[in-house]
Amino acid sequence: MNRETAPSWVPASGHALRHAGIHFDAVRIEGILGEQAAYELLQFTDFQAGPIVREDTGARSVYFLLPPQTAAAYRWPAGVRALSRDAGCAAYVGVPALEGATWPLRWQSRPTVEVPYVDGGLLHEMVGRAVRAVR
């Protein structure tokens, strides 16, 4: 994916805050559970998971970007938070550019024309696997 085919919510440079629930919903998972969920999802999809953003500071959260108004449809386990207008929150998610300096954010998996979002049902299943794996 290049700048011309990137979704409109991906900034041209650096990173930008985007309101969850407008262009996408997000599922935020902190620490090792987020890392394990990303690993499970990437392995299952042969590294075609859709957009996953990692935060390299603080809680080291992982953000899985789902289609708008879909994240609240699932019952997420403790430690997993849906960020969506449907979830009753006003949250902003940092989105890195496709190239260049984007620290402290980076893509673990980029959006593609074929997979513009993470599949919520599949993520829910992989989060369940991750919870069992880190226990």
- prompt: For the side chain of Asp25 and the backbone of Ser84, is there at least one donor-acceptor N/O pair under 3.5 Å apart?
  reply: no

task: Indicate yes or no: does Arg81 engage Glu30 in a salt bridge with an N to O separation below 4.0 Å.
output: no

message: I'd like to know if Glu99 pairs up with Arg110 as an ion pair, taking the criterion as any Lys NZ or Arg NE/NH1/NH2 lying under 4.0 Å from an Asp or Glu carboxylate oxygen.
response: yes

message: For a 4.5 angstrom cut-off between non-hydrogen side-chain atoms, does Phe64 reach Leu66?
response: yes

field: Test side chain to side chain contact (heavy atoms under 4.5 Å, CB included) applied to Tyr63 and Leu83, Val118, Val27, the passing residue
entry: Leu83

- request: For Trp107 and Pro96, indicate whether the former's side chain and the latter's backbone hold a donor-acceptor pair under 3.5 Å.
  value: yes

query: Is a donor on one side and an acceptor on the other found under 3.5 Å between the side chain of Trp103 and the backbone of Gly14?
result: no

query: Could you walk me through whether Trp9 and Leu65 pass the side-chain contact (heavy atoms from CB on, under 4.5 Å) check?
result: CA-CA 11 Å; Trp9 43 266; Leu65 307 185; 3.7 Å; yes

message: Within the structure provided, determine whether Glu35 and Arg54 are in side-chain contact (heavy-atom separation under 4.5 Å).
response: yes

Arg132 side-chain N/O to Gly128 backbone N/O, donor-acceptor pair under 3.5 Å: yes

query: Val93 versus Leu17: any side-chain heavy-atom pair under 4.5 Å?
result: no

- request: Mind listing the closest non-hydrogen atom pair of Val10 and Pro111 along with its distance?
  value: CG2-CG, 4.4 Å

query: Just how far is it from atom CG of Leu41 to atom CD of Glu125, taken to the nearest 0.5 Å?
result: 10.0 Å

- prompt: Does Phe24 reach the side chain of Arg18, with side-chain heavy atoms less than 4.5 Å apart?
  reply: yes

- prompt: Quick one: are Pro68 and His23 in side-chain contact, heavy atoms under 4.5 Å?
  reply: no

- request: Please confirm whether the backbone N or O of Ala90 pairs with a side-chain atom of His19, one donor and one acceptor, at under 3.5 Å?
  value: no

field: Ala49 to Leu42 - nearest heavy-atom pair and separation
entry: CB-CD2, 3.8 Å

Note, Gln69 side chain near Arg85 side chain (heavy atom, < 4.5 Å): yes

- request: Determine the minimum heavy-atom distance between Ala71 and Ala26, stating which atoms define it.
  value: CB-O, 4.2 Å

query: Taking side chain as C-beta onward, heavy atoms only, is Gln108 less than 4.5 Å from Val53?
result: no

message: Can you confirm whether Leu123 sits close enough to Phe44 that some side-chain heavy atom of one is under 4.5 Å from a side-chain heavy atom of the other?
response: no

